[in-house]
Amino acid sequence: MRYAGLVERIAGKSATAWSVHYQALARAAAGENVIVLSVGQETSETSPALVVEAGIDSLRRGRHHYTDVQGELALREVIAERHSRTAGQPVGANRVSIFAGAQNALYAVAQCVVEGGDEVIAVEPYYTTYPATFTAGGASLVAVTTSAADGFQLDFDKIAAAATERTRAIVINSPNNPTGAVYARPTLIRLVEFCALRDIWLISDEVYATMVAPELMVSPGGLPGGDKVCITVSSVSKSHRMTGWRIGWVIAPETLTEHLYNLAMCMCYGQPMFTQDAAVVALREADALAGEIRAKLQKRAALLVPELRNLPGVGVFSAGGGMFMVLDISALRVDAAQFAQGFLDQHDVSLLPCHGFGEHSAHLLRISLCEPSGRLSAACDRLRTYIAARGWESVEVIEKKGVRFI
Ligand code: PLP
């Protein structure tokens with residue numbers, strides 16, 4: 001039997017990037033004491049009790065029928081109000097579309113704005129699913145690299161130089177997964193101006209927006225000219241410990257929202273009422289949780305940085321946002337995937353090698369800060385032992401300038 005060309009485009013590194021992680025999960029499920037630091041999820045925590053109760057109560061009230069395909073009005077209203085307030089971009093519920101998590105929202109956006117022959121610029125390292133998401137419809141992904149030496153900040157001139165007449169969209173993610181980099185306002189102002197001038201969509205993936213001090217978070221939709229060109233994607237997955245509820249959204253101009261509605265009609269026909277009801281309660285009554293999670297993650301990063309910093313040949317980057325830290329092991333002259341596999345096999349700790357985050361990221365390892373401090377410290381000890389036993393030569397000290405250490 002034959003398959004559509006799409007199956008090739010959605011396979012590849014995005015799909016295989018999680019190999020070490022899935023091995024770790026399988027071993028943990030089999031009862032082994034594996035420290036899983038390869039996923040951005042507080043696995044040992046649950047969603048807030050009032051959110052769980054709201055979901056159950058909704059089901060009991062019979063809220064399990066077909067829904068508004070664009071999303072329940074109450075949820076769209078609370079998202080619109082929250083975004084207007086935090087991003088400084090006044091939007092109404094008519095511009096919000098609900099999807100099954102930010103991932104589904106990104107995919108829906110990609111289907112509506114890019115196609116064969118188009119180019120999408122992504123800032124590398126980028127979230128592993130971006131290549132499949134943005135090339136599924138036939139567009140190509142153009143990676144613009146960032147470097148540890150510059151704190152993984154995006155370089156406007158590099159992006160502008162990479163843009164061609166085929167560029168239809170630029171996708172950014174701040175705070176970034178995996179680096180934690182938070183993009184600066186002046187750069188984003190230039191980027192929005194550029195997109196407006198060149199008729200390019202700016203897709204802003206803000207799933208980690210609450211994982212940085214509010215005064216540092218800049219949502220480009222709220223910048224001058226941003227309302228017309230920006231598409232904001234976010235979810236309650238990380239901010240409210242609701243990864244499995246699959247509630248995400250798109251905030252977009254009205255016409256794109258109409259197209260997204262048509263796509264939702266033929267793709268999912270709406271999201272469940274009871275998960276949306278629970279998300280309303282999360283956003284209305286449990287928004288303080290995001291601050292608590294942020295404080296906890298930053299405390300853990302502060303604990304880890306000194307422990308990891310003294311490892312020979314390892315650069316440690318903790319840029320202050322998001323759920324992760326990044327290790328640069330290029331000085332050890334070993335591929336990160338090989339390093340991570342050996343570490344899991346010998347020391348029962350899973351780190352995520354970043355080869356799925358872009359061609360130029362195979363020397364990076366991502367460490368999730370979502371596990372309790374004790375387990376993070378134990379993982380650091382094992383990392384020290386692993387590196388010492390392998391006797392990798394520390395050929396050079398990684399340059400760390402420009403990176404703000406916590
Ligand atoms: N975007 C980024 C940068 C992510 O890290 C993730 C999940 O880890 C997603 C999108 C998907 O989020 P969701 O769970 O809401 O689909």
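Counting starts at 1 for both ligands and their atoms, in listed order. Along the sequence shown, residues are numbered consecutively beginning with 1. Not measured: the values here are computed from a predicted model.
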Evaluate the side chain to side chain donor-acceptor pair (under 3.5 Å) criterion for residues Q153 and T187: first the C-alpha distance (whole Å), next the side-chain angles of each, then the deciding distance (0.1 Å), finally the verdict. CA-CA 9 Å; Q153 280 293 313; T187 315; 5.1 Å; no
Enumerate donor-acceptor pairs with a distance under 3.5 Å from any side-chain N or O in residues 213-226 to protein atoms, sequence neighbours excluded.
unit_1, atom_1, unit_2, atom_2, d
S219, OG, E206, OE1, 3.1
S219, OG, E206, OE2, 2.7

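A search for side chain to side chain contact (heavy atoms under 4.5 Å, CB included) contacts involving M265 returns V69, Y261, Y269, not counting sequence neighbours. Residues passing the salt bridge (charged side-chain N to carboxylate O under 4.0 Å, His left out) test with R82 are D287, sequence neighbours excluded.
For ligand 1, residues of the protein lying within 4.0 angstrom by heavy-atom distance are G101, A102, Q103, Y127, N173, N177, D205, V207, Y208, S235, S237, K238, R246.
Between the Q276 side chain and the G71 main chain, no donor and acceptor come within less than 3.5 Å of each other.
A centroid separation of less than 6.0 Å is found between the aromatic rings of F339 and Y386.
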